[in-house]
2 protein chains.
Amino acid sequence: MRYSANHKLETREKLLDSSSTSAKKSGFSTVGVDGLMKAIGLSGGAFYSHFSSKDELFAAVVERELRQSLERLGVDQDRDKLQRCLKHYLSMSHVEHPETGCALPALGAEIARSDPMVRQQAEHWICELQESWAQVLESDSLAWAILSQCIGALVVARMLATAELQQKVLKSSYDEISRQIAGS
Amino acid sequence: MRYSANHKLETREKLLDSSSTSAKKSGFSTVGVDGLMKAIGLSGGAFYSHFSSKDELFAAVVERELRQSLERLGVDQDRDKLQRCLKHYLSMSHVEHPETGCALPALGAEIARSDPMVRQQAEHWICELQESWAQVLESDSLAWAILSQCIGALVVARMLATAELQQKVLKSSYDEISRQIAGS
DNA sequence: GTCTATACTACGATAGAC
DNA sequence: GTCTATCGTAGTATAGAC
């Protein structure tokens, strides 16, 4: 073969990286296959050596992103680490940089509209994350509630036009979550 | 004029209704002008007698939807009404029918990516809603936190593949919010 | 105001050369 | 594996008839 097996893997990784970034920034449906490939210096036609359709790429992006979210946010028996994760998650830098942030607030609606196989994947990783939080919090219910609140806070903050209000949303959620954790 | 002034208003309303519905169901960017017009029995070309661009329609949809959300969810000095609103918001029927539900979970990401004028509009109505809740709850912070949590719970639930988990997410958020309200 | 027709661009996807 | 070229469709938007 004219290209090493490693080259294909590397190209695939570059494509996944670049696609995830642009999807979180601009939405997956609004970016074309041509644009995705051009972003990594390749032509549009080369796309189909890696994925048989754009939908298949979306599934791979979601899987990869949510696995990464679990790595970043998952905790084990460490309440302080959870607090630090929350602080980082509910930060202005996260609000202002969806392209490097968590896929759940950025792609949530698109995942919700995608086919059952993708949603099954999403469910798997979301549950893993919830379970890790539930173990630390010693409450299933609280873990789901806090997970929802974090994602919601980012969605809300990103809709707002003024930075001060965005900060208010983030701080409010962080404060109320802290209260919930303390009183649990 | 061959068409009454009222006819234009009625057509515009039908278009807004239909567009809101399909945007909340399938995303605004994924629906074409042609499809939107065909849905109300008109041709694509007729669109531009009502809006000068698709973006202008999006601004109108957002304004209309968020005003409606405030009407539905806004409260005044009535803690019980807020509880009932939350119960309804955090219901399976809301999860399963984005097309008739709140625009914030369904279009949040798209609003976040839209131009500052749209986000300014969104901010206005979101703040109105938050303020009405804050008055009842006697806490600005709690109002923002609960608002975020409600929207997040819907985003999360809609991503999940199995109904039992969706119910768990809804119930968890409702229960934890109830606790927060009771203890405030 | 709505229609048909059209211009122009972009989309997802495929075929064949290298 | 990547390229160029291309097919077929669909996108936004405009022009002119009614």
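Lettering follows sequence order; numbering is per chain, from 1. Remember, predicted model here, so these are calculated numbers, not experimental data.
- In this structure, D17(B) pairs ionically with R64(B), as a charged nitrogen and a carboxylate oxygen lie closer than 4.0 Å.
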task = Starting from the C-alpha separation in whole Å, work towards a yes-or-no answer on side chain to side chain contact (heavy atoms under 4.5 Å, CB included) for S172(A) and D140(B).
result = CA-CA 8 Å; S172(A) 297; D140(B) 243 49; over 6 Å; no

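- Looking at heavy atoms from C-beta onward, K81(A) lies in side-chain contact with R84(A) at the 4.5 angstrom threshold.
- Comparing dT2(C), dG12(C), dC3(D) by their nearest atom to the side chain of L42(A) picks out dC3(D).
- With rounding to whole Å, L15(B) atom CG is found 13 Å from dG1(C) atom P.
- Residue H50(B) has its side chain nearest to dG1(C) when only dG1(C), dT2(D), dT14(D) are considered.
- The side chain of V33(A) lies closest to dG12(C) when the candidates are dG1(C), dT2(D), dG12(C).
- In this structure, CD1 of I40(B) is placed 14 Å from C1' of dC3(C), rounded to the nearest angstrom.
- In this structure, the CZ atom of F28(A) is 12 Å from the P atom of dC11(C), given to the nearest Å.
- A cation-pi arrangement is present between K54(B) and F28(B), with the terminal nitrogen or guanidinium carbon under 6.0 Å from the aromatic centre and inside a 45° cone about the axis.
- For D34(B), counting side-chain heavy atoms from C-beta on, the closest listed nucleotide (dC3(C), dT2(D), dG11(D)) is dG11(D).
- Put simply, CE on M37(B) is 8 Å from C1' on dT2(C), counting in whole angstrom units.
- Residue Y48(A) contributes atom OH, which lies 6 Å from atom P of dG12(C) at whole-angstrom precision.
- For A46(B), the listed nucleotide lying nearest its side chain is dC3(C); candidates were dC3(C), dC3(D), dT12(D).
- Nucleic acid contact class of G32(B) (heavy atoms, under 4.0 Å, all strands): sugar-phosphate only.
- Checking dT2(C), dT14(D), dA13(C) against the side-chain heavy atoms of H7(B) singles out dT2(C) as nearest.
- Of the side-chain N and O atoms in T11(A), none sit less than 4.0 angstrom from OP1 or OP2 of dG1(D).
- For S49(A), counting side-chain heavy atoms from C-beta on, the closest listed nucleotide (dG1(D), dT12(D), dT2(C)) is dG1(D).
- Between the CG atom of L57(B) and the P atom of dG11(D) there is a distance of 14 Å, given to the nearest Å.
- Nucleotide dG12(C) holds its C1' atom 10 Å from the CG atom of D55(A), rounded to whole Å.
- Each of T30(A) and G44(A) was matched to the nucleotide of DNA chain C holding its nearest heavy atom; the match closer to the 5' end belongs to T30(A).
- The side chain of K54(B) has dA13(D) as its nearest neighbour among dA13(C), dG1(C), dA13(D).
- The number of heavy atoms from other shown groups lying within 6.0 Å of CE (M117(B)) does not exceed 12.
- Which of dA13(D), dG1(C), dG1(D) sits closest to the side chain of K8(B) comes down to dG1(C).
- Per the geometry, CZ belonging to F58(A) stands 13 Å off P belonging to dG12(C), to the nearest Å.
- For H94(A) (side chain) and G101(A) (main-chain N/O), no donor-acceptor pair under 3.5 Å exists by modelled atom type.
- In the set dT2(C), dG12(C), dC3(C), the nucleotide with an atom closest to the side chain of S43(B) is dC3(C).
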